[in-house]
Number of protein chains: 2
Amino acid sequence: MSRDVSIGAAAKASGVKVPTIRFYEQIGLLPSPPRTEGNRRLYGASDLRRLAFIRHARELGFEIDAIRTLLVLQDDPDQSCDAADKIARARLGEVEMRIASLAALRKELQRMIQGCAHGTVSECRVIEILADHGECRHHHQ
Amino acid sequence: MSRDVSIGAAAKASGVKVPTIRFYEQIGLLPSPPRTEGNRRLYGASDLRRLAFIRHARELGFEIDAIRTLLVLQDDPDQSCDAADKIARARLGEVEMRIASLAALRKELQRMIQGCAHGTVSECRVIEILADHGECRHHHQ
DNA sequence: CTACATCCTCTAGCGACTAGAGGAGCAAGC
DNA sequence: GCTTGCTCCTCTAGTCGCTAGAGGATGTAG
């Protein structure tokens, strides 16, 4: 059923690049797969699932360490999922802060660009606003 | 007028940490200041302005290379500000994409957390959603 | 004059990859 | 069989923007 595939095929299937797969193996995020006679890695279905999991979690901005925890949880399905929930909640908090701060940033960039009359630098809002942080009263971090 | 200050005072005034100031000097973002007899750096008002500019630009997410360009522009105020405008617009585009992707992410995290009934992992929405990327049809990058 | 803070240089480390060198294996066409 | 060209292997070093620490010199307050 789970016919084994090469690292290239695994990369294509999972969307994780070949060197990144090797990197994940190196840092112990992905188990070392068996090899062919010619020393090539052979990945099975469970490896592909794991890779997809990792990729998705990375896309969602989870750090490798958080993913490590999530993978341990996934491997042991009888455990309470409170830990997973906690990680997700922490991440949600981060995301919300990041969105708020990016929204403020967008506003400021828009203000800069709208103010730029395409003249010389001396009248340029972009440079001016960057130079005059005093004018800008938004909240960082 | 511009009485010279120590690196520590410059750090306090600009909000850029001491080692970071030295790092900026090392990569040529900030000119090497004169030194005291005892080999300590002495910063003047223009250095402080430059540091504040850099800090603000970094807070806005501009990369060091972009800041380098912006600083060259700032130093030569008779130039057209099109380059600065272009950099700011590029950054705005990035920010907007990042906001959109974070908003999608927030939705997915909320869905995960709401689905998690605090039971065991096997029924946990958090793990389940991460594992099943197929279900999730949002746009990345 | 003695603490202690601040400064100096230098090197190494972080996270999460990415790039490149230098070589081996493999599948297909001639 | 032989060559071409792709994929694969390992290994090291580089990316970005800092940050941390060692080990030492200098400056300042009590």
Side-chain angles (χ1 to χ4, degrees), chain A residues 3-30 32-43 47 50-51 53-71 87 90-91 94 98 140-141, chain B residues 3-30 32-44 47 50-51 53-71 87 90-91 94 98 101 140-141:
Chain A
R3 354 164 244 172
D4 292 341
V5 299
S6 73
I7 195 170
K12 226 167 252 170
S14 66
V16 180
K17 289 185 203 150
V18 170
T20 307
I21 295 176
R22 286 195 280 247
F23 169 73
Y24 286 160
E25 180 182 336
Q26 191 187 301
I27 62 169
L29 202 59
L30 198 68
S32 301
R35 305 281 184 121
T36 65
E37 271 188 31
N39 198 33
R40 283 153 187 238
R41 290 168 178 84
L42 277 185
Y43 294 99
D47 296 310
R50 203 174 179 91
L51 269 176
F53 184 99
I54 294 170
R55 188 202 159 194
H56 194 192
R58 286 293 300 137
E59 276 170 353
L60 291 179
F62 289 95
E63 291 175 7
I64 298 283
D65 249 24
I67 296 175
R68 224 182 276 273
T69 308
L70 289 171
L71 282 169
I87 291 171
R91 182 79 197 127
E94 279 166 35
R98 195 90 188 102
H140 292 301
Q141 244 73 313
Chain B
R3 14 175 222 158
D4 292 341
V5 298
S6 73
I7 195 169
K12 226 167 255 171
S14 67
V16 180
K17 288 184 204 152
V18 169
T20 306
I21 294 177
R22 286 196 278 247
F23 169 73
Y24 286 160
E25 180 182 337
Q26 190 187 303
I27 63 169
L29 203 60
L30 198 67
S32 300
R35 305 280 183 121
T36 65
E37 270 187 32
N39 198 32
R40 280 149 189 241
R41 290 167 177 85
L42 277 184
Y43 294 99
D47 297 308
R50 203 173 179 91
L51 270 176
F53 184 101
I54 294 170
R55 189 203 159 193
H56 194 192
R58 286 293 301 140
E59 276 170 354
L60 290 178
F62 289 94
E63 292 176 6
I64 297 283
D65 249 24
I67 296 174
R68 224 183 276 274
T69 308
L70 290 170
L71 282 169
I87 292 172
R91 179 76 197 127
E94 281 166 35
R98 196 89 190 102
S101 120
H140 291 303
Q141 245 74 311

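Numbers restart at 1 for each chain; the letters A, B, ... are given by sequence-line order, proteins then strands.
- The two residues B:R41 and B:R22 have their closest heavy-atom pair at NH1-CD, 3.5 Å.
- Across all strands shown, A:I7 has heavy atoms under 4.0 Å from sugar-phosphate atoms exclusively, and none from any base.
- Applying the 6.0 Å contact sphere to CD of B:E63 captures no more than 12 heavy atoms from other residues, nucleotides or ligands.
- Within the nucleic acid shown, B:R41 comes within 4.0 Å of sugar-phosphate atoms alone, with no base atom in reach, counting heavy atoms only.
- Dashed line: the shortest gap from a side-chain N or O of B:R58 to OP1 or OP2 of D:dC18 is under 4.0 Å.
- For B:I54 and D:dG17, the CD1 to C1' distance is 13 Å, given to the nearest whole Å.
- Going from atom CZ of B:R35 over to atom P of D:dG27 covers 13 Å, rounded to whole Å.
- Taking only side-chain nitrogens and oxygens, A:K17 comes nearer than 4.0 Å to OP1 or OP2 of C:dT18.
- Put simply, B:S6 has a side-chain N or O that comes within less than 4.0 Å of OP1 or OP2 on C:dC7.
- Taking CG of A:L29 as the reference point, atom CD1 of A:I67 lies at 6.5 Å (rounded to 0.5 Å).
- Taking only side-chain nitrogens and oxygens, B:Y24 comes nearer than 4.0 Å to OP1 or OP2 of D:dC18.
- Of the possible donor and acceptor atoms, one in the side chain of A:R91 sits under 3.5 Å from a partner among the backbone N and O of A:G61.
- Listed nucleotides C:dC8, C:dT18, D:dG27 differ in distance to A:P19; the shortest reach to its side chain belongs to C:dT18.
- One interatomic measurement links the two molecules: CZ of A:F23 to C1' of D:dT10, which rounds to 16 Å at whole-angstrom precision.
- Within 3.5 Å, a donor on the side chain of A:R40 pairs with an acceptor on the base of D:dT7, or the reverse.
- Computed from coordinates, the A:K12 NZ to D:dC6 C1' distance equals 11 Å when rounded to whole Å.
- Here B:R68 pairs with B:D65 in a salt bridge; the nearest charged N to carboxylate O distance falls below 4.0 Å.
- Each of A:E37 and B:G38 was assigned the nucleotide of DNA chain C with the nearest heavy atom; the assignment lying further toward the 5' end belongs to B:G38.
- For A:R22, no side-chain nitrogen or oxygen approaches OP1 or OP2 of D:dT12 to under 4.0 Å.
- In this structure, the CG atom of A:N39 is 10 Å from the C1' atom of C:dG25, given to the nearest Å.
- With C:dC7, C:dT18, D:dC18 as the candidates, the nucleotide lying closest to the side chain of B:T20 is D:dC18.
- If you take OH of A:Y43 and P of D:dT7, they are 16 Å apart, rounded to a whole angstrom.
- As a whole-Å value, the separation of A:E63 CD from C:dC17 P is 11 Å.
- When rounded to the nearest whole Å, the span between CD of B:E25 and P of C:dC10 equals 12 Å.
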